[in-house]
Number of protein chains: 2
Amino acid sequence: ERFVVSGIVLNKKEARVTIKEVADKPGIAGFIFTELARVNINVDMIVQSSTKGGKNDISFTIEEKDLKEVEKVMEKIKKEREVKEVFYNSDMAKVSLVGAGMQSHPGVAARMFTSLGREKINIDMISTSEIKISCVVKKNEGEKAVRAIYKEFEEDKEENFEPGI
Amino acid sequence: ERFVVSGIVLNKKEARVTIKEVADKPGIAGFIFTELARVNINVDMIVQSSTKGGKNDISFTIEEKDLKEVEKVMEKIKKEREVKEVFYNSDMAKVSLVGAGMQSHPGVAARMFTSLGREKINIDMISTSEIKISCVVKKNEGEKAVRAIYKEFEEDKEENFEPGI
Ligand SMILES: C[C@@H](O)[C@H](N)C(=O)O
Ligand SMILES: C[C@@H](O)[C@H](N)C(=O)O
C-alpha cells in the first residue's frame with residue numbers, strides 16, 4: 001500500500017486542558033468525561049500516556065469558546081477527586097497530516113516530527129491514528145507548521161491535494 | 001449526524017514503551033521516531049500529553065515481537081539525549097471503539113470510559129480521533145473490556161455489527 005497524503009488540516013480555535021496526577025484507578029476517566037458531557041462540552045483529542053506510579057495525567061482539547069465552562073467543571077472535579085492541579089492553555093494550534101496507509105509506513109510520523117523540528121517548532125502534544133497524525137504547536141506557529149509539513153510531503157500528495165490553511 | 005458504532009477491535013499483540021522526561025525541545029520527537037523508522041519498527045499509537053516544565057513523556061505502542069529491537073534503539077537514544085528512564089510493558093491489550101460521528105457526540109468517550117470503570121478495568125493509555133477511541137488495558141482484561149463496551153453501545157450498532165474479539 002503506497003502512502004498517500006490527502007490533506008493537512010489546521011485548527012487554531014482550540015484550547016487544551018491538562019489534569020495532573022489524577023488517581024490512576026478504574027472509573028476516573030469515566031467520571032471526568034461524563035461531567036463534561038453533562039454540560040455538552042465537545043472534546044476533541046483525549047491523550048493519556050502510561051505511567052508507573054498510582055497517578056496519571058490526562059490532556060484533552062476543547063473549543064476555545066468553552067474554556068470558562070470547562071474551568072467550572074474542573075473546579076468541581078478537583079473538589080470531588082484527588083488531583084494535583086489542572087492547567088489550561090489556549091496558545092495552541094493543532095496541525096494534522098491526513099492520509100491512508102500511514103500504519104504500515106514507519107517513517108511517516110518521523111518525517112512529520114522532523115519537519116517541525118527543522119523549523120524549530122516545538123511539539124506540545126501528539127496523538128495518532130491509522131489515518132491521521134496530529135501535533136499541537138503554539139498558535140502563532142500554525143501556518144509555519146503547515147508549510148513545513150507540506151514541503152516534506154509534497155512528493156506524496158494525491159492529484160488534487162489541498163493544504164488546509 | 002446520528003452516532004453509529006461500526007465495530008470494537010481488540011489487539012493483544014502489542015507492547016508499550018514510555019520515555020520519561022525527555023527534553024521538550026524542537027527536534028526530539030523527530031530524532032526518536034527516525035531512529036525507530038531506520039530499523040523498520042512499525043509504531044502504532046504515539047501519545048504525548050502536555051506539560052508545563054521543560055521535560056515531557058512520550059508513550060508509543062509497537063508489536064510485541066519488536067520489543068528486543070526497540071530496547072536496543074532506546075539504549076542508543078538514552079546515550080545521545082537526556083532521558084530520565086525508559087520503561088517497557090507488554091501486559092497490554094488495546095481495545096478500540098470505531099464509529100462515525102463521534103466528534104459531535106460528547107458523551108461517546110465518557111460512555112466508553114464509564115463502561116470500563118463499571119467493570120473495575122483500569123485504563124492505562126488513551127488516544128482518540130474522529131472515528132476511533134482507543135484504550136489500553138491489561139492483557140488479560142481485553143475480552144472483558146470488549147464485552148463491557150459492547151453492552152454499553154448495543155443500541156448504537158449498525159445492522160451487521162461484529163465485535164472483533
Ligand atoms: C487515569 C484514568 O484513566 C484511570 N486509569 C481510569 O481508568 O479511569
Ligand atoms: C518532546 C518532544 O515532542 C519535543 N517537544 C519535540 O518537539 O520534538
Side-chain angles (χ1 to χ4, degrees), chain A residues 16 18 20 24-37 40-52 56-59 87 89 92 103-104 106-136, chain B residues 16 18 20 24-37 40-52 56-59 87 89 92 103-104 106-136:
Chain A
R16 64 176 185 273
T18 298
K20 290 294 283 182
D24 200 356
K25 291 183 317 212
I28 300 285
F31 172 72
I32 293 168
F33 290 95
T34 301
E35 290 300 320
L36 289 165
N40 239 353
I41 299 289
N42 221 339
V43 175
D44 181 14
M45 291 162 70
I46 303 172
V47 163
Q48 175 192 318
S49 51
S50 80
T51 82
K52 260 184 172 163
N56 208 336
D57 301 345
I58 298 180
S59 287
F87 58 88
N89 192 332
M92 67 167 273
Q103 224 42 23
S104 41
V108 173
R111 284 171 60 198
M112 181 180 177
F113 301 156
T114 302
S115 72
L116 296 176
R118 214 183 278 134
E119 300 292 330
K120 303 276 176 280
I121 297 171
N122 195 60
I123 303 169
D124 293 328
M125 247 172 112
I126 299 171
S127 176
T128 65
S129 76
E130 278 82 2
I131 58 160
K132 189 166 95 163
I133 302 173
S134 293
C135 289
V136 167
Chain B
R16 64 177 185 271
T18 298
K20 289 295 279 185
D24 201 354
K25 293 186 316 223
I28 299 288
F31 171 72
I32 293 167
F33 291 95
T34 300
E35 291 300 319
L36 289 165
N40 237 358
I41 299 290
N42 221 340
V43 175
D44 180 14
M45 288 161 73
I46 303 173
V47 163
Q48 176 192 315
S49 49
S50 77
T51 80
K52 258 190 180 156
N56 208 336
D57 302 345
I58 299 180
S59 286
F87 59 88
N89 191 333
M92 69 168 271
Q103 225 40 29
S104 43
V108 173
R111 285 172 60 199
M112 182 180 177
F113 301 156
T114 302
S115 72
L116 297 175
R118 214 183 280 136
E119 301 291 326
K120 303 278 178 279
I121 296 171
N122 195 59
I123 303 170
D124 294 328
M125 250 172 106
I126 300 171
S127 177
T128 65
S129 74
E130 278 83 2
I131 56 160
K132 191 165 98 166
I133 303 173
S134 293
C135 290
V136 167

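Numbers restart at 1 for each chain; the letters A, B, ... are given by sequence-line order, proteins then strands.
- With contacts defined as side-chain heavy-atom distances shorter than 4.5 Å, the pair Ser59(B)/Met125(B) qualifies.
- Looking at Ser50(B), both its backbone and its side chain come within 4.5 Å of chain A, counting heavy atoms on both sides.
- Considering only heavy atoms from C-beta on, Phe33(A) stays 4.5 Å or farther from Thr114(B) through its side chain.
- Side-chain contact check for Val136(A) versus Ile123(A): every heavy-atom pair is 4.5 Å or farther apart.
- Contact count against chain A (heavy-atom pairs under 4.5 Å) is highest for Ser127(B) among Ser115(B), Ser134(B), Cys135(B), Ser127(B).
- With chain A as partner, the option from Thr51(B), Asn56(B), Ile32(B) having the largest number of non-hydrogen pairs under 4.5 angstrom is Thr51(B).
- Note: Lys52(A) leads Lys132(A), Lys120(A), Arg118(A), Lys52(A) in heavy-atom pairs under 4.5 Å with chain B.
- Proximity to chain A (any heavy atom under 4.5 Å) is shown, for Asn40(B), by both the backbone and the side chain.
- Per-residue heavy-atom pair counts under 4.5 Å with chain B were compared for Val47(A), Ile133(A), Leu36(A), Ile126(A), and the maximum is reached by Ile126(A).
- By the side chain to side chain donor-acceptor pair (under 3.5 Å) test, Asp57(B) pairs with Lys20(B), sequence neighbours left out.
- For the pair Gln48(A) (side chain) and Asp124(B) (backbone), a donor-acceptor distance under 3.5 Å is present.
- Among Ala109(B), Ala110(B), Gly27(B), the residue making the largest number of heavy-atom pairs under 4.5 Å with chain A is Ala110(B).
- The choice from Asp24(B), Leu116(B), Val43(B) that makes the most heavy-atom pairs within less than 4.5 Å of chain A is Asp24(B).
- Annotation: salt bridge (charged side-chain N to carboxylate O under 4.0 Å, His left out) contacts of Asp44(A) (sequence neighbours excluded): Lys94(A).
- In this structure, Met45(B) CE and Ser129(A) OG are separated by 10.5 Å, a value rounded to the nearest 0.5 Å.
- If you measure heavy-atom distances from Ile41(A) to chain B, the contacts under 4.5 Å come from the backbone alone.
- Chosen from Ile46(A), Ile28(A), Thr18(A), the residue pairing most often with chain B at heavy-atom distances under 4.5 Å is Ile46(A).
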